[in-house]
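One structure below.
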There are 2 protein chains.
Amino acid sequence: MMMADDDLLALRLRALAHPARLAIVRALAAADRCQCGEIVRGLTLAQSTVSQHLKVLKEAGLITGTIEGPRSCYCLDRETLAVLAGQVGGLFAALEDGQRNPAPRADALVSSPSTPI
Amino acid sequence: MMMADDDLLALRLRALAHPARLAIVRALAAADRCQCGEIVRGLTLAQSTVSQHLKVLKEAGLITGTIEGPRSCYCLDRETLAVLAGQVGGLFAALEDGQRNPAPRADALVSSPSTPI
DNA sequence: TGCCTCCATCGTCCATCGACGATAAACGAT
DNA sequence: ATCGTTTATCGTCGATGGACGATGGAGGCA
């Protein structure tokens, strides 16, 4: 498959980047228990739509799903979410080797009066 | 505008959820200096495309842009990114009041033999 | 066996995204 | 005043996303 790091990161961020999927993740975080039907009843969305959102989250590795008899149970993959949070945090802390938090290059900002866009 | 919290969070996540925009953010994190032209030369994308990506990041509040004479300079909004990272982290730590990291509800998982989907 | 519930998948429709080239606007330099 | 450079915006096009209803399969129960 050859998926670049940033492609995977982008995939996971995109999976989170929808209000309905955020609601699903929050529900799973609060309950740690799953039950697809409960999620559907909590969301005012069609069952098929919720199922698709769950699929997106599952394919991104953010949740796991198990079949339990007649119903499906979903759980957060807290470890993947923790890694994701760390990656987002690493975006602005940056420069993992060498100095961290480099001082702003003042010389880049003094040449002419600058106005906010 | 009445933007719900999750809508704003989703907007910011969606802004990050693209390899090109991740590359832009990384470049800004590494250099702390901006120059639209440099970003364009680093990306193998058309200048208009990069400009659109910068616009998305700016509208999400993840970067700031200033006009400096004939050119534009972009910088990371590290504070917003930090808040974002915290929000992602809060998704799996959840339950901000009451106990944190609740024990898994074992009873939800023992009713029948479960198989991974 | 037959029904009912639960859920995943399919097909469709409309909206948005991502890419590009072309154009316009702002500015410095000649 | 004009030209070249730099960047933002517009218009377009194909691809993808998100919503839905309909369908189908798996499993529990009468």
Side-chain angles (χ1 to χ4, degrees), chain A residues 4 6-7 10-25 27-28 33-60 62-75 108 111-117, chain B residues 6-7 10-25 27-28 33-60 63-75 108 111-117:
Chain A
D6 272 1
D7 287 347
L11 177 76
R12 288 182 170 157
L13 289 170
R14 200 168 53 237
L16 265 188
H18 189 285
R21 293 196 287 266
L22 283 173
I24 292 174
V25 167
L28 292 181
R33 162 190 26 93
C34 319
Q35 289 291 96
C36 174
E38 294 176 292
I39 299 172
V40 171
R41 281 186 290 279
L43 276 190
T44 69
L45 281 174
Q47 175 267 324
S48 57
T49 304
V50 174
S51 188
Q52 289 207 133
H53 284 311
L54 287 167
K55 183 180 180 183
V56 170
L57 288 169
K58 190 163 38 125
E59 286 176 349
L62 300 179
I63 67 175
T64 59
T66 54
I67 298 177
E68 304 195 353
R71 41 198 76 189
S72 290
C73 186
Y74 289 93
C75 297
S111 47
S112 58
S114 60
T115 52
I117 301 178
Chain B
D6 272 1
D7 286 348
L11 177 76
R12 289 184 169 154
L13 289 171
R14 201 166 53 236
L16 265 188
H18 190 285
R21 293 196 287 267
L22 282 173
I24 292 174
V25 167
L28 292 180
R33 161 196 19 98
C34 319
Q35 289 290 94
C36 173
E38 295 176 292
I39 298 172
V40 170
R41 280 185 291 279
L43 276 190
T44 70
L45 282 174
Q47 174 268 325
S48 58
T49 304
V50 174
S51 189
Q52 288 206 134
H53 284 310
L54 287 166
K55 184 180 180 183
V56 170
L57 288 169
K58 190 163 38 126
E59 286 176 349
I63 66 176
T64 59
T66 55
I67 299 177
E68 304 197 351
R71 41 197 78 187
S72 289
C73 186
Y74 288 94
C75 298
S111 45
S112 57
S114 62
T115 52
I117 301 177

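Order of the sequence lines sets the chain letters (A, B, ...), proteins ahead of strands, with each chain counted from 1. Any value given below was found using the heavy atoms of this structure, including those in side chains, with hydrogens, waters and symmetry copies removed. These numbers come from a predicted model, not from an experiment.
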**Request:** Give the rounded distance in Å between these two atoms: CD1 of A:I67 and C1' of C:dC7.
**Result:** 9 Å
**Asked** Do A:L28 and A:L57 come within less than 4.5 Å of each other through their side chains, counting heavy atoms only?
**Response** no
**Asked** For the pair made of CD1 in A:I39 and C1' in C:dC7, what is the distance, rounded to whole Å?
**Response** 12 Å
**Request:** Let me know, please, whether B:R41 or B:K55 comes out on the 5' side of the other along DNA chain D by nearest nucleotide.
**Result:** B:R41
**Item:** Per-nucleotide protein contact string for nucleotides 12-23 of chain C (B base, S sugar-phosphate only, - none; heavy atom under 4.0 Å)
**Value:** ------SBBBB-
**Message:** I'd like to check B:V56 versus B:H18 (side-chain heavy atoms, cut-off strictly below 4.5 Å). Are they in contact?
**Reply:** no
**Asked** If you look at every heavy atom in A:L11 and A:E59, which pair is closest and at what distance?
**Response** CD2-O, 4.3 Å
**Residues forming a side chain to side chain contact (heavy atoms under 4.5 Å, CB included) with A:A60, sequence neighbours excluded** = A:R12, A:A15, A:L62
**Request:** Please state how far atom CZ in A:R71 lies from atom C1' in D:dG28, giving the value in whole angstrom units.
**Result:** 10 Å
**Message:** Are the side chains of A:L43 and A:T49 in contact, using a 4.5 Å heavy-atom criterion?
**Reply:** no
**Message:** Before you tell me yes or no, could you show the steps for B:L45 and B:H53 under side chain to side chain contact (heavy atoms under 4.5 Å, CB included), namely the whole-Å CA-CA distance, both residues' side-chain angles and the distance that decides it to 0.1 Å?
**Reply:** CA-CA 10 Å; B:L45 282 174; B:H53 284 310; 4.2 Å; yes
**Request:** Could you tell me the separation between the CG atom of A:L11 and the C1' atom of D:dG17, rounded to a whole number of Å?
**Result:** 13 Å
